[in-house]
Amino acid sequence: MIYVFKTSVNSQSKFDSASTLLHELLPDTLWNFDLEDCDNILRIDSELDIPKLILNNGIFDCIELE
């Protein structure tokens, strides 16, 4: 399943912090940020319950989009 989130990741330092978190939480999962999009979109391809894992993560804000 592909999850799509609007995020607050809008700089290289936030991207670096978010990447570290995602690598720790989702080591075998495909994900990417589209920082050129106005919503700084994060896409995650996984069978895990991703929203429970990353919402309220303390590193970056994110809202699941439908």
Side-chain angles (χ1 to χ4, degrees):
M1 177 170 203
I2 297 180
Y3 296 91
V4 180
F5 300 90
K6 175 180 176 177
T7 74
S8 64
V9 178
N10 58 2
S11 67
Q12 186 63 45
S13 63
K14 284 187 179 182
F15 174 79
D16 294 342
S17 296
S19 295
T20 299
L21 174 71
L22 292 171
H23 282 300
E24 290 173 8
L25 292 177
L26 310 167
D28 298 320
T29 301
L30 297 174
W31 56 267
N32 67 41
F33 281 98
D34 182 356
L35 301 181
E36 293 183 16
D37 183 274
C38 65
D39 290 328
N40 303 310
I41 295 296
L42 167 61
R43 289 179 189 84
I44 301 174
D45 186 1
S46 177
E47 296 303 318
L48 300 173
D49 188 0
I50 296 301
K52 285 185 178 180
L53 292 172
I54 69 165
L55 293 177
N56 303 315
N57 62 63
I59 302 294
F60 62 96
D61 297 326
C62 61
I63 299 168
E64 186 174 11
L65 301 177
E66 296 185 23

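- Contacts classified as ring-ring contact (aromatic ring centres under 6.0 Å, His included) and involving residues 24-53 (residues at least two apart or in different chains) are given here: F15-F33, H23-W31, W31-F33.
- Residues passing the side chain to side chain contact (heavy atoms under 4.5 Å, CB included) test with L30 are D45, sequence neighbours excluded.
- Annotation for M1 and E47: closest pair N-OE2, 3.0 Å, computed over non-hydrogen atoms.
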Please output the side-chain donor-acceptor pairs of residues 50-66 that fall under 3.5 Å, not counting sequence neighbours, one pair per line with the distance.
| residue | atom | partner | partner atom | Å |
| --- | --- | --- | --- | --- |
| N57 | OD1 | I59 | N | 2.6 |
| N57 | OD1 | F60 | N | 2.9 |
| N57 | ND2 | I54 | O | 2.7 |
| N57 | ND2 | F60 | O | 3.1 |

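- Here the side chains of V4 and I41 are in contact, with some heavy-atom distance below 4.5 Å.
- Once rounded to the nearest 0.5 Å, the distance linking CG of D34 with CG of N40 reads 8.5 Å.
- Taken to the nearest 0.5 Å, the CG atom of L26 stands 5.5 Å off from the CD1 atom of I44.
- Under the side chain to side chain donor-acceptor pair (under 3.5 Å) criterion, the residue pairs touching residues 2-18 are S11-S13, Q12-D16, with sequence neighbours excluded.
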